[in-house]
> 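The following block contains the structure, expressed as structure tokens.
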Amino acid sequence: MFNQRTKIKELLQKGQAGETVTVMGWVRTFRNNQFIALNDGSTNQNIQVVASLGDFSDDLLRRLTTGASLKITGELVVSVGKGQSIEIKAATIEVLGDSDAEKYPLQPKKHSLEFLREIAHLRFRTNTFGSVFRIRHALAFAVHRFFNERGFVYLHTPIITASDAEGAGETFRVTTLPMDGTAKRTEAGAIDYSEDFFGKSTNLTVSGQLEGELGAMAFGEIYTFGPTFRAENSNTARHLAEFWMIEPEMAFHDLEDNMNLAEAFIRYLIGYVMEHHADDLVFLDQRLAEEEKQKPQQERAEMGLLEKLRFVMDHPFERITYTEAIQILLDSPAYKKKKFKYDVAWGIDMQSEHERYLVEKHFKRPVIVTNYPAKIKAFYMRQDDGCEPGRETVAAMDILAPGIGEIVGGSQREERLSKLENRMHTMHIPAEEMSWYLDTRRYGTVPHAGFGLGFERMVQFVTGMTNIRDVIAFARTPRSCEF
RNA sequence: UCCUCCUUAGCUCAGUUGGUUAGAGCAUCUGACUGUUAAUCAGAGGGUCGUCUGUUCAAGUCAGACAGGGGGAGCCA
């Protein structure tokens with residue numbers, strides 16, 4: 001009966017001296033041949049188990065090594081020592097699994113995040129990754145709660161798709177055709193995908209948005225939350241080849257409704273974690289503060305983690321148009337002193353140095369930039385009416401967060417069939433393959449909007465982890481697919 | 001993909017103008033101690049210096065290629 005165990009988190013919150021309890025977990029340290037710091041993953045806090053001198057054999061005590069798993073039964077008592085209020089006086093100790101201390105890679109000492117990345121299968125057992133992944137879980141749960149409270153339908157859009165129409169990036173091909181060059185060819189010499197599993201060329205999804213729109217045209221409000229794949233050769237601390245994305249899509253919403261929802265959503269997620277995982281946030285706040293101390297003064301973040309999260313909770317995001325953003329950059333001391341590597345002019349796709357300037361230097365808070373030039377945005381974004389010729393814009397919005405960059409990208413969608421078809425034509429999007437998408441505009445089209453939020457970037461923002469590989473359990477990046 | 005830095009013990013790092021037997025802290029092991037908090041004290045074991053090629057009487061040290069990693073950029077979420 002393993003289920004008789006009490007979780008350590010519960011024990012530390014509600015445990016009363018005098019109770020007999022059973023705990024199970026992994027040894028973090030074993031001090032002085034008497035004191036076991038036991039952790040079961042329910043919290044970063046360990047329970048101290050006292051193996052009183054003489055109560056246990058030397059053979060058993062020798063097996064209480066870092067990383068070993070134990071089942072312990074004993075009485076909860078008020079601690080004589082200073083570090084904890086209660087502890088367990090062990091009556092029985094059973095070693096469930098030994099751990100050779102000479103080989104076990106996690107030592108009772110500080111490890112670098114780079115080293116822990118190499119042993120990602122064991123890093124959950126550290127305080128940092130314990131906190132990060134409990135918070136990741138809480139954020140995922142809060143995503144569903146937020147949308148469920150608002151009547152959104154969770155739509156599972158496909159992982160394997162045939163369309164690459166969005167042009168969101170390079171795709172991973174899905175095929176069962178032989179890779180040895182014997183696949184049948186068409187007369188033109190191209191690989192004949194009619195012979196493939198699905199009878200056509202298919203790939204892993206880069207976005208569930210288009211399918212999401214189909215759902216919104218019936219349920220009103222839907223959201224997707226699933227894995228997304230990009231075969232981009234991106235080697236940065238902000239990109240993964242496999243990541244999770246949340247994409248709500250709402251009928252009867254315009255750009256402003258969209259922004260309001262996105263902002264409320266982000267605040268809700270942060271609030272949920274602050275309420276339910278305060279202890280993990282405090283730990284990560286201290287961890288980040290330690291890390292910041294190692295950096296030169298100039299590179300240090302202006303706010304600590306908790307300070308930043310509280311600030312975001314208390315202050316509305318800044319909202320500016322793309323045109324205003326460009327003007328701010330042109331007027332900035334940085335521009336006048338030629339500090340930017342890339343030039344600024346209306347029509348450019350803003351570089352990360354420009355976005356960082358707006359967010360981290362000028363406004364010092366999250367910024368929503370709207371109404372981008374049509375030329376640099378996707379075909380499905382709604383064309384703004386009454387634009388000056390040559391300055392056509394679309395109802396797009398990006399939310400830029402300090403330290404992360406773009407955390408949300410969204411838009412009001414083009415619901416007018418002829419305008420959408422014209423745009424697809426000029427952008428060379430094959431309308432005939434997208435007939436199913438255009439049907440939503442043919443039959444009962446409505447103004448609608450939606451956005452995508454990169455889940456890992458949100459986890460980064462809330463945990464303060466600077467490398468995206470440290471907020472997903474097993475990162476997939478170019479030339480790296482371990483575990 | 002580009003720029004840049006790095007790769008020496010299980011981990012984090014020193015290693016002088018190229019020169020004999022490559023060091024430290026932590027971890028591990030052994031012993032001591034026994035209310036400890038990443039315990040403490042004493043001792044011990046542990047390294048083909050990322051790989052290959054070259055320069056040289058001599059390479060951890062110099063050069064090149066490759067591999068892996070960090071930071072930045074591009075692309076983006």
> State whether the side chain of A:Glu392 and the backbone N or O of A:Lys375 hold a donor-acceptor pair below 3.5 Å, judged by distance alone.
no
> What is the separation between atom CZ on A:Phe229 and atom C1' on B:rC75, rounded to the nearest whole Å?
19 Å
> Looking at A:Phe455, A:Phe147, A:Tyr154, which hits ring pair (Phe, Tyr, Trp, His ring centres under 6.0 Å) with A:Phe225?
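Single ring pair (Phe, Tyr, Trp, His ring centres under 6.0 Å) partner of A:Phe225 among A:Phe455, A:Phe147, A:Tyr154: A:Phe455.
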> Does a side-chain N or O from A:Asn467 land closer than 4.0 Å to OP1 or OP2 of B:rG71, or not?
yes
> In whole Å, measure the gap between the C1' atoms of B:rG43 and B:rA27 for me.
16 Å
> Once the angle between the rings of A:Phe474 and A:Phe483 is folded into 0 to 90°, is it parallel (under 30°), tilted (30 to 60°) or perpendicular (over 60°)?
tilted
> Using a 4.0 Å heavy-atom cut-off across all strands, classify A:Pro108 as base, sugar-phosphate, or nothing.
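A:Pro108: base contact, heavy atoms under 4.0 Å.
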> Rounded to whole Å, how long is the line connecting atom CD of A:Gln351 with atom C1' of B:rA73?
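Those two atoms, CD and C1', are 9 Å apart.
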> With heavy atoms under 4.0 Å as the rule, sort A:His111 into base, sugar-phosphate or nothing.
sugar-phosphate
> Counting Watson-Crick and G-U wobble pairs with both distances under 3.5 Å, what is the dot-bracket string for RNA chain B, 5' to 3', using [ ] for crossing pairs and | for pairs to another strand?
(((((((..((((.....[...)))).(((((.......))))).....(((((..]....))))))))))))....
> Does the side chain of A:Thr66 get closer than 4.0 angstrom to OP1 or OP2 of B:rA27 through an N or O atom?
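So the side chain of A:Thr66 is outside the cut-off, no N or O lying under 4.0 Å from OP1 or OP2 of B:rA27.
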> Take atom CZ of A:Phe115 and atom C1' of B:rG68, then tell me their distance rounded to the nearest Å.
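The distance from CZ of A:Phe115 to C1' of B:rG68 comes to 15 Å, rounded to the nearest Å.
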> Using the C1' atom in both, what is the distance from B:rC29 to B:rG72, to the nearest Å?
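Those two atoms are separated by 44 Å.
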> What's the gap between B:rG71 and B:rU34 when it is taken at their P atoms, as a whole Å value?
48 Å
> Considering only NZ, NE, NH1 and NH2 on the basic side and carboxylate oxygens on the acidic side, decide whether A:Glu406 and A:Arg238 come within less than 4.0 Å.
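Here A:Glu406 does not pair with A:Arg238 in a salt bridge, since their nearest N and O are not under 4.0 Å apart.
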> Would you please confirm or rule out a distance under 4.0 Å between OP1 or OP2 of B:rU28 and any side-chain N or O of A:Gln107?
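The answer is no; no side-chain N or O of A:Gln107 sits under 4.0 Å from OP1 or OP2.
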> Ring pair (Phe, Tyr, Trp, His ring centres under 6.0 Å) with A:Tyr342: which residues, sequence neighbours excluded?
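Counting only residues at least two positions away or on another chain, A:Tyr342 forms no ring pair (Phe, Tyr, Trp, His ring centres under 6.0 Å).
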> Mind checking if A:Asp349 touches a base, just sugar-phosphate, or nothing, with heavy atoms under 4.0 Å?
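Sugar-phosphate: the residue A:Asp349, judged by heavy atoms under 4.0 Å, touches backbone atoms but no base.
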> Walk along nucleotides 40-45 of chain B from 5' to 3' and tag each nucleotide B, S or - by protein heavy-atom contact under 4.0 Å, base first, then sugar-phosphate.
------
> Within the modelled atom types, does a donor on one side and an acceptor on the other bring the side chain of A:Glu87 and the base of B:rG35 under 3.5 Å apart?
yes
> So, OP1 or OP2 of B:rA38: does either fall under 4.0 Å of a side-chain N or O from A:Thr29?
no
> Are any of A:Arg238's side-chain N or O atoms less than 4.0 Å away from OP1 or OP2 of B:rA73?
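Affirmative; the distance criterion is met.
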> Please report the distance, rounded to the nearest Å, between CG in A:Leu53 and C1' in B:rU34.
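After rounding, the gap between these two atoms is 6 Å.
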> Describe the nucleic acid contact of A:Ile404 in one word from base, sugar-phosphate, nothing, applying a heavy-atom distance below 4.0 Å.
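It contacts nothing in the nucleic acid.
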> Among the nucleotides B:rU36, B:rU34, B:rG70, which one has an atom lying closest to any side-chain atom of A:Asn33?
B:rU34
> Which residue, A:Val80 or A:Val408, contacts RNA chain B at a nucleotide closer to its 5' end, judged by nearest heavy atom?
A:Val80
> Determine, for A:Asp398 against A:Lys377, whether the closest basic-nitrogen to carboxylate-oxygen distance falls under 4.0 angstrom.
yes
> What contact category does A:Tyr342 fall into here, base, sugar-phosphate, or nothing, at under 4.0 angstrom with non-hydrogen atoms?
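Counting heavy atoms under 4.0 Å across all strands, the contact made by A:Tyr342 is with sugar-phosphate only.
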> Please tabulate the protein-to-nucleotide N/O contacts below 3.5 Å involving nucleotides 1-6 of chain B, giving atom names and distances.
| residue | atom | partner | partner atom | Å |
| --- | --- | --- | --- | --- |
| B:rU1 | OP1 | A:Asn233 | ND2 | 2.7 |
| B:rU1 | O4 | A:Asn235 | N | 3.4 |
| B:rU1 | O4 | A:Asn235 | ND2 | 2.9 |

> Using atom P in both nucleotides, what's the gap between B:rC13 and B:rU7 to the nearest angstrom?
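The same atom, P, in both gives a distance of 9 Å.
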> Rounded to the nearest Å, what distance is computed from the CD atom of residue A:Glu118 to the P atom of nucleotide B:rU7?
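It is 14 Å, rounded to the nearest whole Å.
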> Mind checking if A:Ser79 touches a base, just sugar-phosphate, or nothing, with heavy atoms under 4.0 Å?
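It contacts base atoms.
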> Ion pair present between A:Glu456 and A:Arg136, side-chain N to carboxylate O less than 4.0 angstrom?
yes
> For B:rU8 and B:rC75, measure between their C1' atoms and round to the nearest Å.
37 Å
> Using the side-chain heavy atoms of A:Lys109, tell me which of these nucleotides is nearest: B:rC75, B:rC11, B:rG35.
B:rC11
> In whole angstrom, what separates A:Glu482's CD from B:rA67's C1'?
14 Å
> Rounding to an integer number of Å, can you tell me how far A:Asp55 CG sits from B:rU34 P?
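After rounding, the reported distance stands at 17 Å.
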> Taking only Lys NZ, Arg NE, NH1 and NH2, and the carboxylate oxygens of Asp or Glu, determine whether A:Glu10 and A:Lys7 approach each other closer than 4.0 Å.
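No, no charged N to carboxylate O under 4.0 Å.
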> Kindly confirm or rule out a cation-pi arrangement of A:Lys339 over A:Tyr357, judged by NZ or CZ under 6.0 Å from the six-membered ring centre and within 45° of its axis?
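Cation-pi check for A:Lys339 and A:Tyr357: fails.
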> What integer number of Å spans the P atoms of B:rG60 and B:rG18?
13 Å
> Suppose you measure atom P in B:rC41 against the same atom in B:rU36; what distance do you get, rounded to whole Å?
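B:rC41 and B:rU36 have their P atoms separated by 14 Å.
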> Expressed as a whole number of Å, how far does the C1' atom of B:rG31 sit from that of B:rC11?
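About 25 Å, rounded to a whole number of Å.
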> Any donor and acceptor pair, going by atom type alone, linking the side chain of A:Thr393 with main-chain N or O of A:Ala374 inside 3.5 Å?
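Not at all, since once roles are kept as given, no pair shorter than 3.5 Å links the two residues.
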> Both A:Thr466 and A:Arg31 contact RNA chain B. Taking the nearest nucleotide for each, which residue is further toward the 5' end?
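Looking at the nearest nucleotide for each, A:Arg31 comes out on the 5' side.
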> Considering every strand and a 4.0 Å limit on heavy-atom distances, what is the contact class for A:Gln48: base, sugar-phosphate, or nothing?
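Since a base atom lies under 4.0 Å of A:Gln48, the category is base.
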> Any sub-3.5 Å donor-acceptor pair from A:His239's side-chain atoms to A:Asn235's backbone N or O?
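Checked: no pair found.
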> By the 4.0 Å heavy-atom rule, please label A:Lys103 as base, sugar-phosphate, or nothing.
nothing
> The criterion is salt bridge (Lys or Arg N to Asp or Glu O under 4.0 Å); which residues satisfy it with A:Arg63, sequence neighbours excluded?
A:Asp98
> Is the backbone N or O of A:Arg476 less than 3.5 Å from a side-chain atom of A:Ser480, with the two atoms forming a donor-acceptor pair by type?
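Between the backbone of A:Arg476 and the side chain of A:Ser480 there is no qualifying donor-acceptor contact (under 3.5 Å).
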> Consider the side chain of A:Glu114, meaning its heavy atoms from C-beta on, and name the nucleotide among B:rU36, B:rG69, B:rC76 that approaches it most closely.
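Shortest atom-to-atom distance from the side chain points to B:rG69.
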> Would A:Arg267 pass as a cation-pi partner of A:Phe265, given that its NZ or CZ must be under 6.0 Å from the six-membered ring centre and within 45 degrees of the axis?
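The answer is no, since A:Arg267 fails at least one limit relative to A:Phe265.
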> side-chain hydrogen bond (donor to acceptor under 3.5 Å, both in side chains): which pairs involve residues 116-126 of chain A, sequence neighbours left out?
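Every side-chain hydrogen bond (donor to acceptor under 3.5 Å, both in side chains) pair that includes a residue of residues 116-126 of chain A, provided the two are not neighbours, is A:Tyr104-A:Arg125, A:Arg117-A:Asp470, A:Arg123-A:Asp470.
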> Whole angstroms only, please: what is the CG-P distance between A:Leu116 and B:rG70?
13 Å
